[in-house]
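Presented below is the structure to which this report refers.
Computation of the quantities below employed the complete heavy-atom set of this structure, encompassing side-chain atoms and omitting hydrogens, waters and symmetry-equivalent molecules.
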Amino acid sequence: MPCAVTRTSGWVLIEFSGTVSKSEFLDGVQALAALEADASCPHNRLYLLGGMFARELDFATMNGALDARRNATFAAPVRSAVVATTPAAVNVARLVTAMNTNEQISIQTFRAREDAEAWLTS
């Protein structure tokens, strides 16, 4: 599955692999929304983009999916750690970081999952 969404005790893990299509991306967005419907769902996110080699989705689709989070108000500051190791992943990480206008959300990009997890738990 090119986009897998899993809830952990400290964050939601979103993992992309292969070539991510628009429909696969939107499936991941729906899976994330289902988790977020539970008020006890962690707000922090760990995005693993290391297996992503390409994307077949447009800016409008990504922008629309990120809109709800950009406009949300959270009870506490939110962290989103992005692990990007391929050129496609680095491109997506830069795009997501540039599109974030929510002052409550801090986004950091990392090359290693261990570093990302350490930042999320610090």
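In plain terms, the two heavy atoms of S106 and W119 that are nearest each other are O-CH2, 3.5 Å. Listed here is the closest heavy atom pair of P2 and V20: O-CG2, 3.9 Å. Looking at every heavy atom in both residues, R7 comes nearest to P42 through NE-CD, 3.6 Å. Between V83 and A116 the shortest heavy-atom distance is CG2-CB, 3.6 Å. What you find for L35 and C41 is that their closest heavy atoms are O-CB, 3.4 Å. Scanning all heavy atoms of the two residues, the minimum distance from K22 to L57 falls at CA-CB, 3.8 Å.
The shortest side-chain heavy-atom distance between V92 and M62 falls under the 4.5 Å cut-off. Under the 4.5 Å side-chain criterion, counting only non-hydrogen atoms from C-beta, S80 is in contact with I105.
Residue D27 holds its CG atom at 12.5 Å from CG of L32, rounded to the nearest 0.5 Å. Distance check, rounded to the nearest 0.5 Å: CZ of F59 to CG of L66 gives 9.0 Å. Distance check: L46 CG to I14 CD1 gives 7.5 Å after rounding to the nearest 0.5 Å. Taken from CD in E56 to OG in S21, the straight-line distance is 6.5 Å, to the nearest 0.5 Å.
In this structure, F25 is a member of the same hydrophobic cluster as Y47, with clusters built from ILVMFWY side-chain heavy atoms closer than 4.5 Å. Both V5 and V78 belong to a single network of hydrophobic side chains, linked directly or stepwise wherever heavy atoms of I, L, V, M, F, W or Y lie under 4.5 Å apart. Side-chain heavy atoms closer than 4.5 Å link hydrophobic residues (I, L, V, M, F, W, Y) into clusters, and following such links, even through other members, never connects L13 to L49. Cluster annotation: L120 is not connected to V96 through the hydrophobic network of ILVMFWY side chains, with a link wherever side-chain heavy atoms come within less than 4.5 Å.
By the 30° and 60° cut-offs, the orientation of the rings of F74 relative to H43 is perpendicular.
Of the possible donor and acceptor atoms, none in the side chain of N44 sits under 3.5 Å from a partner among the backbone N and O of W11.
Applying the salt bridge (Lys or Arg N to Asp or Glu O under 4.0 Å) test to pairs two or more places apart or on separate chains, those with a residue in residues 104-115 are R113-E117. Within the structure, side chain to side chain donor-acceptor pair (under 3.5 Å) pairs that include any residue of residues 58-67 comprise D58-T61, N63-R70, D67-R70, D67-N71 (at least two apart or interchain). Listed by first then second residue, pairs satisfying side chain to side chain donor-acceptor pair (under 3.5 Å) with a partner in residues 81-105 number zero, not counting sequence neighbours.
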